[in-house]
Amino acid sequence: MNISEAKIAVIGLGYVGLPLAAEFGKAREVIGFDINQQRIAELEKGHDSTLEVSDEELAKASGLKFSSELHDLEGCDTYIVTVPTPIDENNAPDLTPLRKSSAMLASVIKSGDVVIYESTVYPGATEEVCIPIIEKGSGLKFNVDFFAGYSPERINPGDKVNTLTKIKKITSGSTPEIAEYVDQLYRSIITAGTHLASSIKVAEAAKVIENTQRDLNIAIINEFAKIFNILDIDTQEVLDAAGTKWNFLPFKPGLVGGHCISVDPYYLTYKAKEVGYQPEVILAGRRINDGMGQYTATQLVKAVSRRKIHIDEARVLVLGFTFKGDCPDVRNTKIIDMVKELESFNMNVDVYDDWADPEEVKHEYNLRLIPELVEGVYDAIVLAVDHKEFKEWGAQKIRALGKPEHVLYDVKHVLPKDDSDLRL
């Protein structure tokens, strides 16, 4: 196959799919497909609400056409699937979006076509789950009539430095020839280069351990923070001191949310259990990080109590709701765990975040964001997310939102140490 003649369709236009489709669309015709018609309408007007692609960059993608109509995919021969891969209430992989997109492609795929998956999965999922669905629905035979590749996404939502083209891309294919085709396809847009893995399973495994490793690194720092809080030692000062050694890793404590780091480890542990191995370290790290929302809430309640502020019906302001700073993504945000725990103490909690979409927050979490701030009304203020505007406000403006006697909890170390009453 010749990459210059490839007719590409990107399936799923979220944080991962849209930047990819836009980059390909700068040099060739590409179909950007999504079943969400509202999302398609928004993009056709030239704006991306996730803020991953600027209006200017979207305008440069002159070859990119958007569609939610299945028949528009029929002329394509290379399909790149970038749908979400969440977990269910039992922390087990939820492959529903992946299964549905595979079934959909089965109705349009034809002999000679290639399907490339980018969604994070456990090793083996592409060939064990997705491919059989396409075979059954299309009547085509894998690696005879159609082929597959896997190239895991490495998007860091909100990151304007390490963008798509600047991150080395892992590639793989179901045959040596297809692997080379997939590698060349991505090499045409990724200036950082590619790494051709020996198999689809290797590429799947590489992706899932990237975020698992990061999750564990944050988990140990979170455990350090819990210990140092009991010992009345400032965690950041300890990290600054330890960081003077060349090989000390610069991780910080915090709430680990988002669609990747808080999810991907469960994909790996699911597969490990399936083959008879009981993971211990990975799940221990997950337990620590999953419990940090509750832990931070408890720390605040204790601090409020020490100030002799009546906990029952105390007013608390949480600044920030997205899973990370300067990013509108609220998927798997752990701020909701903190809010629910504070409410369990019968506290009245207001949440303010100009980055988050109020409708999405209401739909996903049944929580109403407050549209504006009022000074002098809160018994406690929590700096939960390090948005740039919170940094610019400084302690004086933030403290003005509280009553004369209040507690300021800087979870994300937004302010200098002496400007807050409590830090994680």
Side-chain angles (χ1 to χ4, degrees), residues 49-51 158 254-255 257 292-424:
S49 60
T50 71
L51 305 182
L255 306 181
M292 289 305 290
Q294 183 180 35
Y295 174 78
T296 51
T298 302
Q299 289 296 102
L300 179 66
V301 170
K302 290 179 179 178
V304 169
S305 179
R306 286 194 295 268
R307 288 287 186 90
K308 308 299 182 184
I309 299 173
H310 192 49
I311 295 174
D312 190 43
E313 297 186 355
R315 293 196 66 180
V316 179
L317 172 64
V318 175
L319 291 173
F321 190 75
T322 61
F323 91 89
K324 66 183 293 188
D326 301 338
C327 174
D329 195 347
V330 298
R331 291 176 298 175
N332 297 329
T333 176
K334 295 304 177 184
I335 310 298
I336 190 64
D337 296 346
M338 180 196 300
V339 171
K340 288 181 177 179
E341 186 69 12
L342 291 173
E343 289 177 339
S344 74
F345 286 92
N346 204 33
M347 289 177 149
N348 297 313
V349 183
D350 287 342
V351 182
Y352 175 85
D353 195 328
D354 242 1
W355 284 83
D357 180 350
E359 292 184 8
E360 183 181 4
V361 173
K362 177 64 177 176
H363 179 265
E364 295 296 328
Y365 300 100
N366 194 30
L367 176 72
R368 187 183 72 85
L369 299 177
I370 60 172
E372 57 186 23
L373 296 168
V374 179
E375 293 187 355
V377 297
Y378 294 103
D379 299 289
I381 303 167
V382 183
L383 268 168
V385 183
D386 54 348
H387 290 317
K388 61 184 179 183
E389 56 263 46
F390 298 159
K391 298 175 184 177
E392 293 169 354
W393 288 357
Q396 185 175 354
K397 183 173 181 177
I398 293 171
R399 282 195 179 277
L401 302 168
K403 296 177 180 178
E405 184 67 25
H406 67 269
V407 173
L408 175 55
Y409 187 5
D410 187 1
V411 174
K412 292 295 293 183
H413 295 197
V414 174
L415 305 172
K417 176 188 174 183
D418 295 337
D419 286 347
S420 61
D421 304 307
L422 184 66
R423 299 206 297 180
L424 181 58

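These values consider heavy atoms only, across backbone and side chains, with no hydrogens, waters or symmetry-generated copies.
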Original post:
Can you tell if the side chain of I311 reaches within under 4.5 Å of the side chain of N346, non-hydrogen atoms only?
Top reply: no

Original post:
Quick one: are L317 and V377 in side-chain contact, heavy atoms under 4.5 Å?
Top reply: no

Original post:
Counting N and O atoms only, with roles assigned by atom type, does the side chain of T298 sit under 3.5 Å from a partner on the main chain of Q294, one being a donor and the other an acceptor?
Top reply: yes

Subject >> pair I381-L319: side-chain heavy atoms closer than 4.5 Å >> reply: yes

**OP:** For the pair L415 and L408, evaluate side-chain contact (heavy atoms from CB on, under 4.5 Å) and give the outcome as yes or no after the intermediate values.
**Re:** CA-CA 10 Å; L415 305 172; L408 175 55; 3.7 Å; yes

Original post:
Crowded around E359 CD? As in, over 12 foreign heavy atoms under 6.0 Å?
Top reply: no

**OP:** Over all heavy atoms of both residues, which pair between T322 and V385 is shortest? Give the atoms and the distance, please.
**Re:** O-CG2, 3.4 Å

**OP:** Mind checking the CG-CG spacing from D357 to D329? Nearest 0.5 Å is all I need.
**Re:** 11.5 Å

Original post:
Is there a donor-acceptor pair under 3.5 Å between the side chain of H413 and the backbone N or O of L424?
Top reply: yes

Original post:
CE of M338 to CG of L255: how many Å apart, nearest 0.5 Å?
Top reply: 5.0 Å

Subject >> Minimum heavy-atom distance P328-S49, with the two atoms named >> reply: CG-O, 3.9 Å

Subject >> Main-chain N/O of D350 paired to Y378 side chain as donor or acceptor, under 3.5 Å >> reply: no

Original post:
If you draw a 6.0 Å radius around NZ in K340, do more than 12 non-hydrogen atoms from other residues or ligands fall strictly inside?
Top reply: no

Subject >> Distance in Å, R307 CZ paired with E405 CD, rounded so as to fall on 0.5 Å steps >> reply: 5.0 Å

Original post:
Does any N or O in the side chain of D353 come within less than 3.5 Å of the main-chain N or O of F321, such that one atom is a donor and the other an acceptor?
Top reply: yes

Original post:
Is any NZ, NE, NH1 or NH2 atom of the basic residue among R399 and D421 found under 4.0 Å from an Asp or Glu carboxylate oxygen of the other?
Top reply: yes

Original post:
Can you name the nearest heavy-atom pair linking V411 to A384, along with the distance?
Top reply: CB-CA, 4.3 Å

Original post:
Which pair of non-hydrogen atoms, one from A380 and one from V304, has the smallest distance, and what is that distance?
Top reply: CB-CG2, 4.0 Å

Original post:
How long is the gap from NZ on K324 to OG1 on T333, to the nearest 0.5 Å?
Top reply: 12.5 Å

Original post:
Under 4.5 Å between any side-chain heavy atoms of N332 and F323, yes or no?
Top reply: no

Original post:
Out of curiosity, W393 CH2 to L383 CG, how far, rounded to the nearest 0.5 Å?
Top reply: 9.0 Å

**OP:** Considering non-hydrogen atoms only, spot the tightest contact between P358 and L369 and give its length.
**Re:** CA-CD1, 4.1 Å

**OP:** Please check if the side chain of D410 supplies one atom and the backbone of S420 the other of a donor-acceptor pair under 3.5 Å.
**Re:** no

Subject >> Side chain proximity check, Q299 to K302, heavy atoms < 4.5 angstrom >> reply: yes

Original post:
Does a donor on one side chain and an acceptor on the other come within less than 3.5 Å for D379 and H310?
Top reply: no

Subject >> Short side-chain to backbone donor-acceptor contact, S344 and E341, under 3.5 Å >> reply: yes

Original post:
Atom NZ in K403, atom CD1 in I309: separation rounded to 0.5 Å?
Top reply: 8.0 Å

Original post:
Parallel, tilted or perpendicular: which fits the ring planes of W355 and H387, with parallel below 30° and perpendicular above 60°?
Top reply: parallel

**OP:** Search all heavy atoms of V361 against all heavy atoms of A356 and return the closest pair with its distance.
**Re:** CG2-CB, 4.0 Å

